[in-house]
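Following: one structure in C-alpha cells, then a few remarks.
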2 protein chains.
Amino acid sequence: MTKYEKIAEDVQSKIEQGEYKPNEQIPLVTEMCDTYGVSKITVKKAMDLLVLRGLIVKRRGAGSFVKNIEIGALQSFPEMSSQLSGFSADYANTPVRVTSVVHDFSIVSPSEKVADKLKITSGDFVYQICRTRLADGVPKVIEYTYMPIDVIPGLKKEDVEASIYHHIEKELGLTVYSAHRTVRAVMPTVLEKERLSLEDHIPLLEVEQVAFLKDGRIFEYSTTRHAGNTYEFYSISVRENA
Amino acid sequence: MTKYEKIAEDVQSKIEQGEYKPNEQIPLVTEMCDTYGVSKITVKKAMDLLVLRGLIVKRRGAGSFVKNIEIGALQSFPEMSSQLSGFSADYANTPVRVTSVVHDFSIVSPSEKVADKLKITSGDFVYQICRTRLADGVPKVIEYTYMPIDVIPGLKKEDVEASIYHHIEKELGLTVYSAHRTVRAVMPTVLEKERLSLEDHIPLLEVEQVAFLKDGRIFEYSTTRHAGNTYEFYSISVRENA
DNA sequence: AAGTGGTCTAGACCACTTC
DNA sequence: AAGTGGTCTAGACCACTTC
C-alpha cells in the first residue's frame with residue numbers, strides 16, 4: 001500500500017469513528033505533512049481520494065472540511081459507488097446467503113449487438129449466461145451476461161452457480177478495472193416477473209454494463225434487472241477541478 | 001486553464017477526432033513531456049483525468065491506450081456522467097427548446113425528512129418547487145426541489161420558470177461542486193402520469209439528490225422522476241488505484 | 001497581510017511489462 | 001535488460017479566503 005493510500009485510510013477511519021465530525025475542518029496540509037512525515041503533494045493526493053469518495057470538500061484559502069452527510073451511510077457508500085465486484089461481493093460482509101438459479105449457461109455465436117458491445121466479430125464465441133440471484137432465498141435480480149471465451153477461459157458451471165468474479169480475479173488472476181454503465185427504468189417481462197416473484201406493476205431498474213480488465217480488454221457485456229423495490233443505484237459526482 | 005487541463009483537452013480532442021483510435025497506444029509520458037514542455041507529473045495528472053472520464057487505460061510497464069469504446073458517444077458521455085448542471089444544460093448545445101411548467105413555487109417550513117437531507121432545522125425556511133420540464137413541448141421529467149432560502153437568496157418566479165442553476169451560478173456567483181445521488185425505478189402517481197402524458201404501465205427513473213456548493217454548504221435536495229422511455233443515467237466507474 | 005490549498009518542476013527511486 | 005508508468009520529495013510560485 002502506498003503512503004497516500006495509508007493516509008487516506010487513516011483520515012477516512014477518523015471520519016467514520018467520529019473523530020472528525022461533519023462540517024468540521026480537518027488538519028491543514030502542512031500539519032498532515034508533519035504528522036505523516038510526507039511531502040505536501042502526497043497529502044494532497046490522499047485527500048483527493050477522499051474528495052472522489054464524497055467524504056470531504058477542499059476550499060483553497062480556507063482548509064478542508066468533512067462533508068455534511070450521514071456518517072452511518074459511509075460504510076456502504078464508497079463501495080457501492082464503484083460497484084466493480086459483482087452481486088456476491090455486495091453481501092460479502094453480511095450474514096446474507098447468496099445463491100443463484102442458472103437458467104442458461106451456454107457457448108454461442110454472439111448477436112450483432114453483443115458482438116458490437118464486446119468489440120469482437122460474430123466469428124468469436126461467447127458465454128451466454130442467464131441467472132437469477134437470490135439473497136437469503138429471495139430473488140433480487142436477473143442477470144444476462146455475455147463474455148468472450150478467449151478473454152475468460154475455463155468458466156465452469158460451478159463458477160456460474162457461485163461467483164463469476166471470483167473465477168476472474170482469483171482463478172485467472174485478472175483485475176476488473178472499470179465499467180461503463182447505463183441505467184434505466186423498465187417493466188419486467190412475463191418470465192422475469194415470474195422469476196423474481198413480483199407483484200403486478202413493479203418496475204425494474206436495468207443496468208446495462210460494458211466492463212473492462214486492467215489490461216484494457218472488454219471482458220463482459222451484461223444487463224441486470226433489479227426488482228425496483230429492493231435495489232438502489234448510488235453515484236457521487238464531483239467537479240473535476242476540485 | 002491549467003497546463004494539465006489543456007493537455008487533457010488536447011489528447012481528448014485527438015481521440016474524438018480519430019487521430020488516436022480505439023485500442024491504439026497514445027504517446028509515452030516522456031514524449032508528451034517534450035511535446036507540451038512540461039514535467040512528467042503534469043502529464044500524469046492530465047492522463048488521470050482522461051482515465052476518470054473513461055477514455056483511456058494506463059498500464060504500468062506497457063503504455064497508455066485508448067479504450068475500445070464508441071467514439072461517437074464521447075461527446076455526451078463525459079458530460080452526462082458528472083451531470084452537475086441541471087436539465088437546461090443537457091440541451092444547451094442542441095436546438096431543443098426547454099420550457100417549464102411550474103406547479104408550485106412557495107416558501108415553507110421543511111418536513112422532517114427534507115430538513116434532515118438539507119441538514120437544517122425545521123425552523124429554517126426552504127423553497128418548495130415542483131416543475132415539469134419539457135423539451136420541445138414534450139414533458140420529460142418532474143422535479144421536486146427544496147433549497148434553503150438562506151443559501152440561495154432572491155430566487156424569483158422567472159428563475160424557476162427558466163433555469164435555477166443559472167440563478168445560482170450566474171446571479172449569485174456560487175459554484176455547484178458535487179452531488180450524492182440515489183437512483184431507483186418507480187411507478188408514476190396518477191398526477192405524474194397526467195403531467196408527463198404517459199401511457200399505462202410506463203415506469204419512471206427516480207433520481208434523489210443532495211447537492212453541495214464549492215464552499216461545502218448543501219444547497220439542494222431534489223427528487224426528479226424521468227419518463228422511463230426517454231431517459232438514461234450514465235455512470236463510469238474506475239478502480240481508484242488506476 | 002497572513003494563511004490556505006493548487007500547480008508545477010527536476011529528479012530519485014520503484015513496480016511492472018515486455019523482450 | 002530495457003522500457004514503461006507510479007510514487008515521492010523539496011521547494012518555488014500562484015490563486016484564493018479570511019481578517
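Excluded from the calculations below are hydrogen atoms, water molecules and symmetry mates; all remaining heavy atoms, backbone and side chain alike, are included. Within every chain, numbering begins at 1; the chains are lettered A, B, ... in the order of the sequence lines, protein sequences first and strands thereafter.
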- prompt: Given B:I236 and A:R181, is the side chain to side chain contact (heavy atoms under 4.5 Å, CB included) satisfied, shown in steps?
  reply: CA-CA 6 Å; B:I236 296 175; A:R181 298 193 181 91; over 6 Å; no
Proximity of A:H180 and B:Y234 rings by center, below 6.0 Å: no
- request: Grab the CD1-P distance between A:I41 and D:dA12 for me, whole Å please.
  value: 15 Å
query: Hey, does the side-chain of B:K40 have a donor or acceptor N/O within less than 3.5 Å of a partner on the base of D:dG6?
result: yes
message: I need the OH-C1' distance between B:Y36 and C:dC8, as an integer number of Å.
response: 17 Å
- prompt: Expressed in angstrom and rounded to an integer, what is the separation of B:L28 atom CG from D:dT4 atom P?
  reply: 5 Å
query: Given atom CG of A:L174 and atom C1' of C:dT17, what is their separation to the nearest angstrom?
result: 15 Å
- request: Could you tell me whether B:E208 and B:K117 make a salt bridge, using a distance below 4.0 angstrom between a side-chain N and a carboxylate O?
  value: yes
Candidate nucleotides D:dT9, C:dT9, D:dG5, ranked by approach to the side chain of B:R60 - the nearest: D:dG5
message: Nearest to the side chain of A:K3, heavy atoms from C-beta on, is which of C:dT18, C:dC8, D:dC8?
response: D:dC8
- prompt: In Watson-Crick or G-U wobble terms, both distances under 3.5 Å, what is the partner of D:dT9?
  reply: C:dA10
- prompt: Separation of B:L50 atom CG from D:dG5 atom C1', in whole Å?
  reply: 15 Å
task: Inspect the contact between A:K44 and A:D48 and indicate whether a charged nitrogen and a carboxylate oxygen are less than 4.0 angstrom apart.
output: yes
message: Among D:dG5, C:dG5, C:dC8, which nucleotide has an atom closest to any side-chain atom of A:K58?
response: C:dG5
task: Send over the distance from A:F65 CZ to D:dC16 P, rounded to a whole Å.
output: 17 Å
message: The side chain of A:V38 is closest to which nucleotide in this list: D:dT7, D:dT9, D:dT18?
response: D:dT9
